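Notes for the one structure printed next.
None of these values were measured; they are calculated from a predicted model.
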Amino acid sequence: MPSILPSLLDNDFYKFTMQQGVIRLFPSARARYQFINRGKHAFPPGFAKALREAVDAMASLQLTREEKHFLRVTCPYLDPVYLDFLAGYRYNPEEVHITQTGEALEVRVEGLWYRTILWEVPLMSLICELYYQLNHLERISDAEVIENTRQKIENYRDLNVTVAEFGTRRRHSYGVHRLVLQALQQYGAGSFVGTSNVHMAMLYQTKPIGTHAHEWFMFHAARYGFKMSNALGLEHWVQVYRGDLGIALSDTYTTDVFFQQFDKMFSKLFDGVRHDSGDPLEFADKVIQHYQGMGINPLSKTITFSDSLNYEKVARIAEHCRGRIGMSFGIGTSLTNDVGPKAMNIVIKMTEAQPGEGEWTEVVKLSDEKGKYTGSERMIHLAKEILHIE
């Protein structure tokens, strides 16, 4: 099967921004990632073989001259050395290990972190697309996809909120993703502000959006310990980006722990924070209270909400936050995988890191929502004990 992915940039923007940071600060670090089948999906016979062929085909992807020009013009904080590196980057399929036992799929990734960091999002999008294909699941027509997306973005515009599309990893397919972006660009004036997918941003002449992901802080915990992971993760981000890309992810080790280290310097320097788990209204109240306690006007800051959003949830959040703090919304699966078949519930997470020449260290994520915890029970217990998390 030929590659379903058309471009090296068919990936989330924060993977490239983190990659530049890893190359600059941690070039010898190694990482391991694991596929987690949260939805207990049953994979049909031959799935691993089809996925293997699609992954192998990714070895031929390379940055084009036009793509490099787009990044240089659109993202001036990506330096020329990094763009030259990316022009020479090739996926190495040997870093990806795929097995299938009956209906169970196992996918593992291992290698240098600066290389393996790009695998997670395209692997997830390939797993989703092949799952629908090989199970012969029918979707609604192209015209219906466009019409549904038009209605959604017009409803968001009526709420007077800005929306970015964040749905690459669990999209129905590349084809549906293109239709959604086409409709957002055509009908979204005044509300649609960009996409997390760099390839789509280039195709539809919109802004690529993103900063960093949980793995940035998870690695810092492996390298420096749980107590220092948030502070040093933020410090290193500032070291690389000098004030650009200023939305900080707050829930790798719970929001409460994050705000203990999000001091006045970070609070002033970062443009805002991203909400990705737990009750969004409670989170908003905590953030507003935090900024007020620092003597900072919350209306000068932004919360980017990105946790399983749909219209009803966005409407509730917007009503709660309006006039109190800036807000924006990153909407994923409800845009890119609302076409008939049930959306998949899957993730790929970093499980271990080797910061240098030392030993492999397990990593964990302790979201505000316990169902989103990742990592071994032993390491989760240890992290909670060290960080005094109930």
Side-chain angles (χ1 to χ4, degrees), residues 2-17 19-20 54 57-58 60-78 82-83 86-87 89-91 118-126 128-129 132 139-150 152-154 156-157 162-211 245 306 328-339:
S3 174
I4 299 170
L5 301 180
S7 166
L8 186 74
L9 296 185
D10 187 13
N11 205 327
D12 278 344
F13 185 48
Y14 65 19
K15 287 294 182 174
F16 299 106
T17 57
Q19 186 181 51
Q20 175 170 268
M58 288 173 64
S60 64
L61 293 174
Q62 57 185 293
L63 195 73
T64 67
R65 188 177 300 171
E66 294 75 23
E67 288 171 337
K68 188 177 181 183
H69 176 75
F70 171 77
L71 291 175
R72 188 169 64 246
V73 171
T74 311
C75 313
Y77 38 76
L78 298 179
Y82 172 68
L83 294 181
L86 199 59
Y89 178 90
R90 301 292 181 275
Y91 280 108
L118 293 191
W119 278 113
E120 174 196 344
V121 176
L123 276 174
M124 287 179 65
S125 61
L126 283 170
C128 288
E129 182 151 359
Y132 298 121
R139 69 165 172 88
I140 59 177
S141 70
D142 290 3
E144 288 173 299
V145 174
I146 290 171
E147 175 59 18
N148 287 353
T149 307
R150 180 189 70 77
K152 286 177 182 178
I153 195 60
E154 289 182 353
Y156 288 126
R157 185 168 59 222
T162 56
V163 168
E165 179 276 309
F166 277 13
T168 302
R169 64 189 58 227
R170 283 181 283 266
R171 68 189 181 192
H172 174 275
S173 58
Y174 175 76
V176 164
H177 202 172
R178 288 284 301 264
L179 293 168
V180 167
L181 263 292
Q182 177 188 326
L184 290 173
Q185 188 67 299
Q186 186 173 351
Y187 302 110
S191 184
F192 174 60
V193 292
T195 171
S196 64
N197 186 293
V198 189
H199 171 63
M200 297 292 173
M202 180 176 165
L203 286 180
Y204 294 96
Q205 290 302 293
T206 189
K207 183 181 178 183
I209 293 179
T211 53
L245 303 176
S306 63
S328 64
F329 297 88
I331 300 179
T333 308
S334 81
L335 283 174
T336 61
N337 202 348
D338 184 18
V339 294

Check whether any side-chain heavy atom of [X] sits under 4.5 Å from a side-chain heavy atom of [Y], and report yes or no.
| X | Y | answer |
| --- | --- | --- |
| Asn11 | Asn197 | no |
| Ser306 | Phe329 | no |
| Leu5 | Ser125 | yes |
| Phe16 | Leu9 | yes |
| Thr195 | Phe166 | no |
| Lys207 | Val193 | no |
| Arg171 | Asn337 | no |
| Leu61 | Ser7 | no |

Any donor and acceptor pair, going by atom type alone, linking the side chain of [X] with main-chain N or O of [Y] inside 3.5 Å?
| X | Y | value |
| --- | --- | --- |
| Gln20 | Tyr77 | yes |
| Thr17 | Thr211 | yes |
| Asp10 | Pro122 | no |

query = In chain order, what residues pass the side-chain hydrogen bond (donor to acceptor under 3.5 Å, both in side chains) check against Ser334, with sequence neighbours excluded?
reply = none
inquiry  = My understanding is that only residues two or more places apart in sequence, or in another chain, count here; which of them pass side-chain hydrogen bond (donor to acceptor under 3.5 Å, both in side chains) with Asp338?
reply    = Lys152
request  = Report yes or no: do Gln19 and Tyr89 form a side-chain donor-acceptor pair below 3.5 Å?
outcome  = no
Under the salt bridge (charged side-chain N to carboxylate O under 4.0 Å, His left out) test, residues paired with Arg170 that sit two or more places apart = none
query = Do Phe13 and His199 have their ring centres less than 6.0 Å from each other?
reply = no
task = Start with the C-alpha gap between Arg157 and Val163, add the side-chain angles, then the distance that decides, and say whether side chain to side chain contact (heavy atoms under 4.5 Å, CB included) holds.
result = CA-CA 9 Å; Arg157 185 168 59 222; Val163 168; over 6 Å; no
request  = Applying side chain to side chain contact (heavy atoms under 4.5 Å, CB included), name anything that partners Gln185, two or more places apart in sequence or on another chain.
outcome  = Phe192, Tyr204, Thr206
ask   = Among all residues two or more places apart in sequence or in another chain, which pass the side chain to side chain contact (heavy atoms under 4.5 Å, CB included) test with Arg150?
value = Glu147, Glu154, Tyr187
request  = Begin from the C-alpha positions of Arg178 and Asp142 and carry the test salt bridge (Lys or Arg N to Asp or Glu O under 4.0 Å) through to its verdict.
outcome  = CA-CA 10 Å; Arg178 288 284 301 264; Asp142 290 3; over 6 Å; no
query = What pairs of residues pass the salt bridge (charged side-chain N to carboxylate O under 4.0 Å, His left out) test when at least one of them lies in residues 61-70, not counting sequence neighbours?
reply = Lys68-Asp84
query = Going through the distances and angles, do Ile209 and Ser196 end up as a side chain to side chain contact (heavy atoms under 4.5 Å, CB included)?
reply = CA-CA 5 Å; Ile209 293 179; Ser196 64; 5.6 Å; no
